Amino acid sequence: MHRALLPSFRESMRVLLPDQGIRVIDWGPGTVAALLQELGINPLEVMVARNGALVPEQAAIGGDDEIRIIRIAHGG
Amino acid sequence: MAKSAVPSRIPPCAICGEPAVICQPAQKRHLCGTHLIQDLETRAAATIREGDLIHPGDRIAVGLSGGKDSTALLVILSRLLPGLPEVKIVAITVDEGIAGYRSDTIKSAEALTRRLGVEHRMVSFRDLIGSDLDTLLLGRGKQACTICGILRKKALMDAARDSGATVIATGHNLDDEAQSVLMNALRGDLPRLVRDAGAGRSAHFLPRIKPLAAIAEKEIAAYLFVQDLFPVLPECPYTRYALRADVRSLLAGLESRYPGTTASLGESKKKIRGYCAGTPVMTPLNRCGECGDPCSGDLCQVCRLRHSLERGRDS
């Protein structure tokens with residue numbers, strides 16, 4: 001939805017995945033929740049950091065943000 | 001740190017207006033790091049107070065695996081100590097001997113206890129039963145969590161008694177509690193579902209308390225992350241054999257579609273226990289015919305497991 005509506009605002013957002021993989025995504029302004037949905041990740045199972053700072057699912061991300069998705073491993 | 005061309009639309013903290021780090025759907029609010037820390041410590045203190053979990057003069061044995069929940073538990077208890085009269089803490093780490101996993105978490109546990117200045121004791125499955133878990137589980141992978149759980153509980157109980165502890169604290173969180181309710185329901189194990197391991201104090205039976213039982217797993221992770229205390233560690237390699245892994249995934253899916261499911265399920269245990277009070281479901285504890293530990297049958301789970309392992313070795 002974000003790429004189609006705002007084609008002129010496309011920038012490459014780096015996303016560090018829980019398995020240490022990196023994806024570079026063309027992403028217009030959108031929320032963390034939308035990104036996780038796109039990636040098929042349940043927000044309850046991860047934390048998301050935007051440029052090093054933890055953000056809630058409702059936070060807006062995009063541009064040249066560096067996003068890190070951290071899996072919350074089970075086990076105390 | 002990368003600069004963003006996107007306006008910083010981060011929801012504000014409900015208390016101070018600073019950028020939030022977490023959403024708390026149950027409380028219908030967002031919190032910043034500072035107020036998340038305060039909130040979790042306040043809620044843990046309330047759980048302790050309302051459940052009368054800690055008494056003056058208690059020596060608390062904290063089960064410290066080095067993972068996120070026990071890390072948060074030790075941090076929070078250490079901070080609450082000044083308000084708990086004459087209470088002392090000893091951290092106990094159980095080394096099951098799981099290759100490629102436990103040594104990393106033990107390093108995390110050791111670093112934490114040094115940082116907090118907390119007494120730390122280590123015990124192992126090798127000490128307890130003469131073998132590490134990887135060896136015990138050869139050909140029995142599917143029983144991993146059952147066997148590990150029985151032995152880890154025994155190792156922790158013995159070490160806690162040896163250290164003079166009066167109570168054992170574990171880092172079980174709200175998600176763990178909800179998962180346990182569902183797992184015991186799926187197994188049809190009502191007695192286990194209603195059992196209260198926190199009740200009763202005696203020389204042989206140390207109560208087990210769960211100060212984080214009302215706090216969601218994600219809140220605990222965020223609490224540690226904002227303080228640079230979040231341990232980035234691998235998951236136990238035996239998790240894939242566990243019913244709990246499937247139940248966890250199921251509950252996470254349900255919670256995201258029906259917020260509040262986890263809390264309702266976790267809290268249902270108390271209600272079910274109330275309905276069962278005075279009925280045959282609440283079986284009194286016996287003493288194991290071999291080692292004398294409290295158990296629900298003639299032999300405790302550890303002794304039964306020991307016999308089973310010996311039969312396996314002899315065949």
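All values reported here derive from a predicted model rather than from experimental measurement. Lettering follows sequence order; numbering is per chain, from 1.
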- If you take all heavy atoms of B/E217 and A/A73, which pair is closest and at what distance? OE2-O, 4.2 Å

- B/A20 versus A/P56, closest heavy-atom pair with distance: O-CD, 3.2 Å

- Would you call A/L54 and B/V226 a side-chain contact if the rule is heavy atoms closer than 4.5 Å? yes

- Counting only heavy atoms closer than 4.5 Å, note whether B/E219 contacts chain A via side chain, backbone, both or neither. neither

- In this structure, CE of A/M47 is separated from CG of B/L224 (nearest 0.5 Å) by 8.0 Å

- Please state whether the side chain, the backbone, both or neither of A/V32 comes within less than 4.5 Å of a heavy atom of chain B. neither

- Item | Distance in Å, B/F225 CZ paired with A/I70 CD1, rounded so as to fall on 0.5 Å steps | 4.0 Å

- Task: Take atom CD of A/Q37 as the centre, draw a 6.0 Å sphere, and report whether it contains more than 12 heavy atoms from other residues, nucleotides or ligands.
- Result: no

- Smallest separation among heavy atoms of A/L44 and B/A252, with atom names: CD1-O, 3.4 Å

- Task: Give, for atom OG of B/S256 and atom CD1 of A/I41, the distance between the pair rounded to the nearest 0.5 Å.
- Result: 13.0 Å

- Query: Measuring heavy-atom distances to chain B, does A/Q58 have an atom under 4.5 Å in its side chain, in its backbone, in both, or in neither?
  - Reply: both

- Per-residue contact mode, B/L233 against chain A (heavy atom under 4.5 angstrom): backbone

- Between B/F230 and A/R71 the two heavy atoms that sit nearest each other are CZ-O, 4.3 Å

- Task: Heavy atoms only: give me the nearest A/R50-B/I10 pair and the separation to one decimal.
- Result: NH1-CD1, 4.0 Å

- Using non-hydrogen atoms only, which part of B/C236 is less than 4.5 Å away from chain A: side chain, backbone, both, or neither? neither

- Do you know the tightest heavy-atom contact between B/R248 and A/I72? NH2-O, 2.9 Å

